[in-house]
Structures are given as C-alpha cells and as structure tokens.
2 protein chains.
Amino acid sequence: MRREGALADLGSWQPTRCSLALAMDVIGTKSAFLLLREAIYGTTRFDDFVRRVGITEAVAAGRLKELVEAGILAKQPYREPGQRTRSEYVLTEKGEALFPAMLALIQWGDEYLQPDGGPVEFVADETEAEVRVDVRTDQGDRVGLDGLRLRRR
Amino acid sequence: MRREGALADLGSWQPTRCSLALAMDVIGTKSAFLLLREAIYGTTRFDDFVRRVGITEAVAAGRLKELVEAGILAKQPYREPGQRTRSEYVLTEKGEALFPAMLALIQWGDEYLQPDGGPVEFVADETEAEVRVDVRTDQGDRVGLDGLRLRRR
DNA sequence: CCGTATCCACAACGATACTG
DNA sequence: CAGTATCGTTGTGGATACGG
C-alpha cells in the first residue's frame, strides 16, 4: 500500500479541517469517552455516571455539561409517579451516532489489551447474534487498510 | 431499548476491566489520536508527523515513543540508496487494527461537525468504491443502538 | 439524588532554543 | 532529518466539603 504517495498527491493538508481533530476538540478526554460509553450502555443518571465511570462529581458535572452543550447528550427532567423531579442525560441522535466509534475502540481493547477478551458484548435483542463493527465498501465487501487510498472530496 | 435494565442485570461493574478505559490509557490524548490518523494516512517520518499534525517536536517525540512502547507503531531504520540512514514509524498489526475506530470517528466528524462533509475519504484502490464503517450482526445485517443489549462474557 | 465550590497535583501542550 | 532541553500555561482530574 502506498498511502504516503496518495496523501502527498493531495497536496497541502489543513489540520484544522480534519474531522478527527474537530471530534477530539469535543470528546477528546478520557472522561468524555467513558461517560459516552456509559450513556451507550444505558446509564442516564448523574449518580450512576459518577459511580460507574469512577470519576468525581465535579469532573462528571463539567464533562456532562460540555456534552450537552455539544448536542451529544440531552438533559431532561422527568418524574416517576410519586417521586420528585429528577434529571436524566440521554443520547441525542448525534450522540448515538458515536456508537460505531465507541464499539470499535471497545473491540480493539477486547482484542489487544485484555488477556481473555472483554467483560461484555453487544448482542441483537432477539437473535442473540453478536454485533461487530467493521469497514466495508458500499458493495458490502470487508476491507482492511491495504488496498485503500485517500481521495479528496 | 431498555439498555439500563440490561446493564443493571449485569450486576457490579468493574471500571478497570473495561476495554475502553484500557484503550484510553494507551491512546487517550488528542495528540495520540492525531498521530494515529497520520500513520493511517501513510505518514512515517518524524518531521511529517510534526508538520501535518501541527504539534511541537517535543510532544511528537513523547507520544511516538509511547505508541512504540505500546506496540502500536514500530520504529525502523531504513536507508534509501545514496542517502543516510533515517527512521520511520510504521503501524504494527495492533496499530492497523485501530483503523475502524479512527475511521468511525472521522466519519462522525464529517457528518456532524463539518458544514460540507470531510475533506477526504477512503476509497477502494481499484473499484474506487467509498468505504465506510458500520455495526452489523454476524449475519451481516446493519444494526443501530436500538434493538441491542449487553451480554456478559 | 444532583449537583457546586475550592484547592491541589499532575499531565498535556506550545514556544523556543539547541544538537548530532 | 530527527530529535532533546527547558520553561510556562492550560487542561484534566482527584479530594473534600457543602447546598438545593
């Protein structure tokens, strides 16, 4: 694979326009990633985020506020019958769209950082089929880094 | 989707065993992500990493060393005919395995953070077909966060 | 249950200068 | 080309205490 040549062909590269750099400006901290993992796992309550992620309330409050401002989480008041009003943080569509990225990182960790694979996996609700993330062409063929090149849009 | 219930069913949760937390301990900085993006784009030389990522030499040197120690990059001396010996940083198999995660983040940024989509895209070398990353069951059906649940391994 | 307020430690990063 | 050295600033996060 001659990706370097392919990149050079693209000419001058604008780091500020890179989508990954923009993404990391929004979610580029460990705590943000772990909060998002929890949100994907279904956690919605402040207290659960704090306990399950293992961060302090101050950090959780700050990060959650940033994620809400970024439109990734929505903070909604709700009231169970007979209870007082509480807050919950739920993923927006923008937030749910991060699921492939999160799952890809979890999968990578399962495979290369865990001695015996990861502790949990996602399965389809009915069929129990395990779900995985991978890279495919629009024809549906799975592809790796070899055999790819960059194209300017 | 009742993921919260599904998670609660899993009982006590060990944050330290989470693959995402382990992954973030290794690549959990903005500069690490951007260096990996460059490596995936085909960059191999110190100087190019510094210029294209837009970080200082000190940061690049430190991060690259960590990525080498983590087994994600390999530092190799090489010599072009008639030139002096240089160093290059190439992705190991472990490093290449991060491609789906990186592409997923880039895709997310393209879609939600860029006004007109991202500046570049990956295409298959021969067919020119655009490649994308998504989540599927092992039967090949694309699935979203709804309709999934967690299962303990 | 859902946070805020302070203080502190350290990690991450930029700027600059310098070396083989 | 491929780094190292030093300095200063900001970001990130832990600990603790406190309030609606």
Side-chain angles (χ1 to χ4, degrees), chain A residues 4 8 15-16 18 20-21 23-39 43-70 73-90, chain B residues 4 8 15-16 18 20-21 23-39 43-70 73-90:
Chain A
E4 183 169 12
T16 54
C18 169
L20 185 60
M24 294 307 285
D25 285 336
V26 181
I27 57 166
T29 67
K30 197 184 163 188
S31 55
F33 271 87
L34 296 181
L35 287 169
L36 283 170
R37 174 204 71 188
E38 273 309 310
T43 298
T44 60
R45 298 227 272 268
F46 184 85
D47 223 44
D48 291 331
F49 280 115
V50 169
R51 198 179 60 259
R52 294 204 169 112
V53 173
I55 56 181
T56 62
E57 296 97 326
V59 172
R63 259 336 135 257
L64 287 172
K65 183 172 292 189
E66 288 174 17
L67 291 172
V68 168
E69 285 166 357
L73 295 176
K75 182 177 182 179
Q76 296 171 349
Y78 75 102
R79 179 195 295 259
E80 288 177 6
Q83 307 281 330
R84 66 179 173 83
T85 302
R86 303 183 195 283
S87 296
E88 62 175 1
Y89 296 87
V90 295
Chain B
E4 183 168 15
T16 54
C18 170
L20 185 59
M24 293 308 284
D25 285 336
V26 183
I27 57 166
T29 66
K30 197 184 163 187
S31 55
F33 271 87
L34 296 182
L35 286 170
L36 283 170
R37 175 205 68 189
E38 273 308 310
T43 298
T44 60
R45 297 226 274 267
F46 184 85
D47 223 45
D48 291 331
F49 281 114
V50 169
R51 199 179 59 260
R52 294 204 169 112
V53 174
I55 56 182
T56 62
E57 296 98 326
V59 171
R63 246 1 120 245
L64 287 171
K65 184 172 292 188
E66 288 174 17
L67 291 172
V68 168
E69 285 166 358
L73 294 177
K75 182 177 181 177
Q76 297 171 349
Y78 76 101
R79 179 194 297 259
E80 287 177 8
Q83 307 281 331
R84 64 181 175 82
T85 302
R86 305 183 193 281
S87 295
E88 63 176 2
Y89 297 88
V90 295

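We name chains A, B, ... by the order of the sequence lines, and we start the count at 1 in each one.
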(request) Dump the intermediate steps for side chain to side chain contact (heavy atoms under 4.5 Å, CB included) on Phe46(B) and Arg86(B), then the final yes or no. (result) CA-CA 10 Å; Phe46(B) 184 85; Arg86(B) 305 183 193 281; over 6 Å; no
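- Nearest heavy-atom pair across Arg63(B) and Ser31(B) is NE-OG, 3.0 Å.
- Whole-Å rounding puts the Phe49(B) CZ to dC1(D) C1' distance at 14 Å.
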(request) Go through the steps to decide whether Leu34(B) and Ile55(B) satisfy the test side chain to side chain contact (heavy atoms under 4.5 Å, CB included), and finish with yes or no. (result) CA-CA 10 Å; Leu34(B) 296 182; Ile55(B) 56 182; 5.8 Å; no
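- The distance from atom CD1 of Ile27(B) to atom C1' of dA12(C) is 16 Å, rounded to the nearest whole Å.
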(request) Could you go through the side chain to side chain contact (heavy atoms under 4.5 Å, CB included) check for Leu35(A) and Thr43(A) one step at a time? (result) CA-CA 9 Å; Leu35(A) 287 169; Thr43(A) 298; over 6 Å; no
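- Checked against dC1(D), dC1(C), dT4(C), the side chain of Ala61(A) finds its nearest nucleotide in dT4(C).
- Side-chain N/O atoms of Tyr89(A) include one lying less than 4.0 angstrom from OP1 or OP2 on dG3(C).
- Protein atom CZ of Arg45(B) is 12 Å distant from nucleotide atom P of dG3(D), rounded to whole Å.
- Across every non-hydrogen atom of Leu73(B) and Ala39(B), the tightest pair is CD2-CB, 4.0 Å.
- One P atom belongs to dC2(C), the other to dA17(D), and the distance between them is 23 Å to the nearest Å.
- An end-to-end axis angle of 40° holds for the helix from dG3(C)-dC18(D) to dG20(C)-dC1(D), taken from five base pairs per end and rounded to 10°.
- The shortest distance between side-chain heavy atoms of Glu38(A) and Asp48(A) does not fall below 4.5 Å.
- Heavy-atom minimum distance, Arg52(B) versus Arg37(B): O-NH2, 3.5 Å.
- Atom CG of Leu35(B) is separated from atom P of dA2(D) by 14 Å (rounded to the nearest Å).
- The distance from atom CG of Asp25(B) to atom P of dA12(C) is 10 Å, rounded to the nearest whole Å.
- Side-chain proximity of Lys65(A) to dT4(C), dC1(D), dT4(D): nearest is dT4(C).
- Rounded to whole Å, the distance from CZ on Arg84(B) to P on dG3(D) is 10 Å.
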(request) Summarise protein proximity over nucleotides 10-17 of chain D in one line of letters, 5' to 3': B for base, S for sugar-phosphate only, - for none, counting protein heavy atoms closer than 4.0 Å. (result) --SBBB--
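- Heavy-atom minimum distance, Lys75(A) versus Ser87(A): CE-OG, 3.8 Å.
- As rounded to whole Å, 15 Å separates atom C1' of dA2(D) from atom CZ of Arg79(B).
- Minimum heavy-atom separation, Phe33(B) to Leu20(A): O-CD2, 3.6 Å.
- For Gln76(B) and dA2(D), the CD to P distance is 14 Å, given to the nearest whole Å.
- Set against dG3(C), dA2(D), dC1(C), the side chain of Asp47(A) has dC1(C) as its closest nucleotide.
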